[in-house]
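What you are looking at is a predicted structure, and each value in this text was computed from that prediction instead of being measured.
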Amino acid sequence: MEDDAETTILPNEIICSEILPRLPVKTLLRFRCVCKSWSSLILNPGFATAYRNLCSGERKRSHLLFFTCESEYPKEQRVFSVQLNQGGSQRRATHVLTLKQLYQAQSRKGLVCFSLSKTSSSYLEVLDNRVHIFNPSTRHVVTLPQTSRVNLTVYVAHHFGFSSLTNEYKVLQIQRYKRGLIFNTFVLGTSTTWRRVEVDLADLPFDPLEFKFDTSSVSTYGAIHWLHPTLNIIVAFDMNGAERFKVVPIPYGIDLHDALVRLDKVDGCLALIDGRKQQSYMKGLWILKDYKNHVWVKEDILFPFQNDIVRGLADLRLHQYNMKTKSYRLSQILLPEWRNDSRMLDMLTSYDEGIAPLR
């Protein structure tokens, strides 16, 4: 006589809220084939939010680096990714996609925004200047609609951000033309067209017509940030519902007129990297630990080498610095393919794996 075996079935609440959000992205994508209910759950924006929150909490995130190389014949930009938080002295890169135009990339919460790096009026006439949002984990991409071009456009700039207050991905578009500026926003997943943002240029704490919005930016704290070297401040555009400009003061002693001072992000915090040569290869790092009260904390990092990233035609070596242990790790990135007519490698952005849906 055989013993009756008891079958234990976990409640759906435990599976959906406690088990699935702890799995890697690749596993989740495979689990979409288990049943329709799991597929709908994994593609649900609410699940993506829970997954993202768990990423910033207890689960170890997968940090990846996007870098690119250009080829002359044919004219294209090939994008590769490599995982950063893994052991070993060699990292094998994965070919992600090939682009027919030269784009700049901005990442936020698992998504990457591709927009043209050259957006002057001459380029707007001949190139497709639409913005593409890409999820490297799911390989899904969505193209934002074209905007009507303003006559005598000087440039069009796009900046990618995330509002933690509204849980929305937003793209800020700035059209600079001879007579003024136009600001538009697009909310991923809900917008069908670009929406005009009314900005009183006369009420801003800086002259917007003299400021270069087409320079690189850093997105964190629900805002887009730029360096303003003339006024020695950080200009920020709040995306947490208010959609207004504000100013963030910089630490005492930092001079933004120096081209070696750049804006970056460290552990989600806004940071200033002072690349001016000090004693040996010492560099200053200012981290904005308290965004609301503008509290900056300074750390000095001693580099045992001249450049943090060494780029070459046949070799890409990456130096990583651990701020907790104050130690370095050198690794070589191996490309899966190579072309003799390719130009030098260049880093685009870094990102964390995510399951965020694009629609």
Trainee: Would you say that Thr220 contacts Arg108 through its side chain, given a criterion of any heavy-atom pair below 4.5 Å between the two side chains?
Mentor: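 Contact flag for Thr220/Arg108 side chains = yes.
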Trainee: Could you go through the salt bridge (Lys or Arg N to Asp or Glu O under 4.0 Å) check for Lys298 and Asp300 one step at a time?
Mentor: CA-CA 7 Å; Lys298 186 175 186 296; Asp300 291 322; 2.4 Å; yes
Trainee: Could you grab the distance from atom CD1 of Ile250 to atom CG of Leu231, nearest 0.5 Å is fine?
Mentor: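 So the gap between those two atoms works out to 10.5 Å.
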Trainee: Has Lys246 got more than 12 heavy atoms of other residues, nucleotides or ligands less than 6.0 Å from its NZ?
Mentor: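 Counting other residues, nucleotides and ligands, NZ of Lys246 exceeds 12 neighbours.
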Trainee: Are any side-chain N or O atoms of Gln77 and backbone N or O atoms of Thr68, one a donor and one an acceptor, separated by less than 3.5 Å?
Mentor: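 Checking the backbone N and O of Thr68 against the side chain of Gln77, no donor-acceptor pair under 3.5 Å is found.
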Trainee: Should the pair Phe66 and Phe134 be assigned to parallel (<30°), tilted (30 to 60°) or perpendicular (>60°) ring geometry?
Mentor: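 Aromatic pair Phe66/Phe134 classed parallel.
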Trainee: Are Arg139 and Val96 side-chain neighbours, meaning at least one heavy-atom pair lies under 4.5 Å?
Mentor: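 Arg139 vs Val96: side chains touch.
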Trainee: Nearest 0.5 Å, what's the OH-CG distance between Tyr221 and Asp238?
Mentor: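 The distance works out to 13.5 Å.
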Trainee: Under a 4.5 Å cut-off applied to non-hydrogen side-chain atoms, are Lys292 and Asp290 in contact?
Mentor: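 In contact.
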Trainee: At what distance, to the nearest 0.5 angstrom, does OG of Ser219 lie from NE2 of His159?
Mentor: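 Atom-to-atom, Ser219:OG and His159:NE2 are 11.0 Å apart.
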Trainee: Are the side chain of Tyr291 and the backbone N or O of Cys269 linked by a donor-acceptor pair below 3.5 Å?
Mentor: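 Judged by distance alone, no pair lies under 3.5 Å.
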Trainee: For residues Asp255 and Val261, determine if any side-chain heavy atom of one lies less than 4.5 Å from a side-chain heavy atom of the other.
Mentor: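 No, side chains not in contact.
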Trainee: Throw together a table of side-chain donor-acceptor distances under 3.5 angstrom for residues 167-174, partners on residues two or more places apart or in other chains.
Mentor:
unit_1, atom_1, unit_2, atom_2, d
Asn167, OD1, Arg52, NH2, 2.5
Asn167, ND2, Thr49, OG1, 2.6
Glu168, OE1, Thr166, OG1, 3.0
Tyr169, OH, Arg52, NH1, 3.3
Tyr169, OH, Lys109, O, 2.6
Lys170, NZ, Met239, O, 3.1
Lys170, NZ, Glu243, OE2, 3.4
Gln173, OE1, Asn184, ND2, 2.9
Gln173, NE2, Thr147, OG1, 3.2
Gln173, NE2, His158, NE2, 3.0

Trainee: Taking Ser350's backbone N and O only, do any of them form a donor-acceptor pair with Ser107's side chain (distance below 3.5 Å, no angle check)?
Mentor: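 Checking the backbone N and O of Ser350 against the side chain of Ser107, a donor-acceptor pair under 3.5 Å is found.
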Trainee: Any side-chain donor paired with an acceptor under 3.5 Å for Arg195 and Thr185?
Mentor: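 The criterion, which ignores hydrogens and geometry beyond distance, is satisfied for Thr185 and Arg195.
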Trainee: What verdict does the side-chain contact (heavy atoms from CB on, under 4.5 Å) test give for Thr230 and Glu210, after you've listed the backbone C-alpha separation in whole Å, the side-chain angles of each residue and the deciding distance to 0.1 Å?
Mentor: CA-CA 10 Å; Thr230 305; Glu210 297 294 329; over 6 Å; no
Trainee: Should we say atom NZ of Lys289 is surrounded by more than 12 heavy atoms from elsewhere, each under 6.0 Å from it?
Mentor: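 For Lys289, atom NZ is not crowded (no more than 12 foreign heavy atoms under 6.0 Å).
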Trainee: Without swapping roles, check the side chain of Trp226 against the backbone of Leu263 for a donor-acceptor pair under 3.5 Å.
Mentor: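 It does not hold such a pair.
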Trainee: Hey, do the aromatic rings of Phe237 and Phe211 have their centres closer than 6.0 Å?
Mentor: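 Between Phe237 and Phe211, the centre distance exceeds or equals 6.0 Å.
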Trainee: Quick one: does any side-chain atom of His140 pair with a main-chain N or O of Asn135 as donor and acceptor, under 3.5 Å?
Mentor: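 Absent.
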Trainee: With a 4.5 Å heavy-atom cut-off, do Leu204 and Val235 have their side chains touching?
Mentor: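 Answer no - side chains too far apart.
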Trainee: Kindly indicate whether the side chain of Leu111, heavy atoms from C-beta on, has any atom under 4.5 Å from the side chain of Phe162.
Mentor: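 Side-chain contact under 4.5 Å: no.
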Trainee: Determine whether the side chains of Thr143 and Arg130 contain a donor N or O and an acceptor N or O closer than 3.5 Å.
Mentor: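 Per modelled atom types, Thr143 and Arg130 side chains form no pair under 3.5 Å.
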Trainee: State, yes or no, whether a side-chain contact exists between Pro251 and Leu272 at a heavy-atom distance under 4.5 Å.
Mentor: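 Yes, their side chains come closer than 4.5 Å.
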